[in-house]
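Taking it in order: structure first as structure tokens, then the write-up.
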Amino acid sequence: MKVIVLSSLDTSCRDAGLKHLLGHHPQAVVLSYDFVEGNRLVRTVSGNASAEYGEAVLEHPCIGRAVKYEIFPAIQRLAPRHADATMLLGLPATWHSGSVLETLAEKLELAGISVGSNVLSLDPVELEDQMWDRHTLWESGFSSMQQDQRTPGEYFFTELMQADTLIPVEGMQTQLLEAPGGPPPRWRKGLHRRVGTRPASGPACRFVPPWQRTRLLQL
């Protein structure tokens, strides 16, 4: 089995990214998490698995503990028993995929589970403003931890270095501001086609330099 890990700045982009991935992997099990006040890690299971909603209270807001006591056990419990199965793991908003995989990758390998891709879901319309936002993630409403002193730009700088796939989506703010029946955003038009490869109708991506190693999935 392979796990596709998806990170995002906010839950609306996370959920839109998971929906897009599920379109490419309709038989996948979807496991997503939200980290809320009181050190509560809220679990939602959907897709090719029985719907489930639960939570675990962490003694400390520590990613290592979350992986050890909740995320990895949930993956083991929900993992389909056939080798070509796929699980989509949606991380809590603002969590760095690299920090999760640093703890999770070895456990997955021992369990015979591979990491298929490390995906970042983002809203291209809001990206520039978010990159230059001087407020902390907590001040901007993206994080539930007041002591989180990272800015949205610092979050994206790290994630863009770690992700191998980008999924452009419409975040909540873009959806609210977009005029009904208006023209689609410019980023939907031809942004995702890899030069000289697949036709525009299929899952394609824009050409990027080899050192960047990042794919852009088409919506």
Side-chain angles (χ1 to χ4, degrees), residues 2-26 28 30-34 47 63 86-102 104-105 114-133 137 140 142-143 150-175 177-178 184-219:
K2 68 177 180 181
V3 174
I4 298 176
V5 179
L6 184 141
S7 61
S8 63
L9 180 66
D10 60 77
T11 55
S12 63
C13 287
R14 193 269 315 281
D15 293 343
L18 287 174
K19 181 179 179 180
H20 175 71
L21 287 173
L22 191 59
H24 286 275
H25 304 278
V30 181
L31 173 62
S32 65
Y33 283 97
D34 292 294
I63 289 179
T86 299
M87 177 179 289
L88 307 179
L89 174 61
L91 300 180
T94 75
W95 279 30
H96 286 304
S97 56
S99 300
V100 173
L101 288 172
E102 185 177 0
L104 185 61
S114 63
V115 177
S117 190
N118 187 2
V119 182
L120 172 62
S121 181
L122 53 83
D123 185 343
V125 175
E126 296 296 322
L127 181 60
E128 183 175 359
D129 288 341
Q130 291 168 344
M131 289 290 287
W132 291 101
D133 187 355
L137 292 174
S140 297
F142 295 118
S143 174
R150 295 174 297 159
T151 64
E154 290 172 332
Y155 169 80
F156 276 122
F157 180 82
T158 300
E159 285 304 289
L160 288 169
M161 294 290 288
Q162 295 173 340
D164 58 55
T165 304
L166 304 180
I167 300 182
V169 299
E170 289 185 358
M172 182 63 68
Q173 186 170 348
T174 300
Q175 295 176 33
L177 295 178
E178 187 175 281
R186 290 184 61 189
W187 56 265
R188 285 187 183 172
K189 301 178 181 180
L191 175 65
H192 324 297
R193 186 184 305 176
R194 180 182 296 156
V195 177
T197 56
R198 303 177 184 176
S201 59
C205 52
R206 179 173 64 90
F207 173 79
V208 292
W211 53 265
Q212 193 170 340
R213 295 169 43 225
T214 301
R215 296 177 294 141
L216 287 169
L217 295 184
Q218 186 180 32
L219 283 173

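All heavy atoms count here, side chains included; hydrogens, waters and symmetry mates do not. Note that the coordinates shown come from a computational prediction; the quantities given were computed from them, not determined experimentally.
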Checklist entry - Is there a side-chain contact between Leu104 and Leu89, using heavy atoms and a 4.5 Å cut-off? => result yes
Next on the checklist: Can you confirm whether Leu127 sits close enough to Met131 that some side-chain heavy atom of one is under 4.5 Å from a side-chain heavy atom of the other?
Outcome noted: yes
Checklist outcome for this item: When every non-hydrogen atom of Gly98 is compared with those of Glu159, the smallest separation belongs to N-OE2, 4.4 Å
Checklist entry - Taking Arg14 for the side chain and Ser32 for the main chain, is one N or O donor matched with an acceptor at less than 3.5 Å? => result no
Item to check | Polar side chain donor-acceptor pair, Asp164 to Ser117, under 3.5 angstrom | outcome: yes
Checklist entry - Do you know the tightest heavy-atom contact between His96 and Arg150? => result NE2-NH1, 2.9 Å
Checklist entry - Taking atom CD1 of Ile4 and atom CE of Met87, what is their separation to the nearest 0.5 Å? => result 11.5 Å
Next on the checklist: Does Glu102, at its CD atom, have more than 12 non-hydrogen atoms belonging to other residues, nucleotides or ligands within less than 6.0 Å?
Outcome noted: no
Checklist entry - Which distance, rounded to the nearest 0.5 Å, do you find between the CD of Gln162 and the CZ of Phe157? => result 10.5 Å
Item to check | Check: Ser8 main-chain N/O paired with Tyr155 side-chain donor or acceptor under 3.5 Å | outcome: yes
Next on the checklist: Are the side chains of Pro152 and Leu137 in contact, using a 4.5 Å heavy-atom criterion?
Outcome noted: yes
Next on the checklist: Between Thr151 and Asp133, does the side-chain contact (heavy atoms from CB on, under 4.5 Å) criterion hold? Intermediate values first, please.
Outcome noted: CA-CA 7 Å; Thr151 64; Asp133 187 355; 6.0 Å; no
Next on the checklist: Looking at every heavy atom in both Leu91 and Ser97, which two are closest together, and how far apart are they?
Outcome noted: CD1-CA, 3.7 Å
Checklist entry - Considering all heavy atoms of both residues, which atom of Thr94 and which atom of Leu9 are nearest to each other, and what is their separation? => result CG2-O, 3.5 Å
Next on the checklist: Nearest 0.5 Å, please: how far is CD1 in Ile167 from CG in Leu21?
Outcome noted: 3.5 Å
Item to check | Minimum heavy-atom distance Asp10-Cys13, with the two atoms named | outcome: OD1-N, 2.9 Å
Checklist entry - If every non-hydrogen atom of Leu6 is compared with every non-hydrogen atom of Leu18, which pair is closest and at what distance? => result CD1-N, 4.0 Å
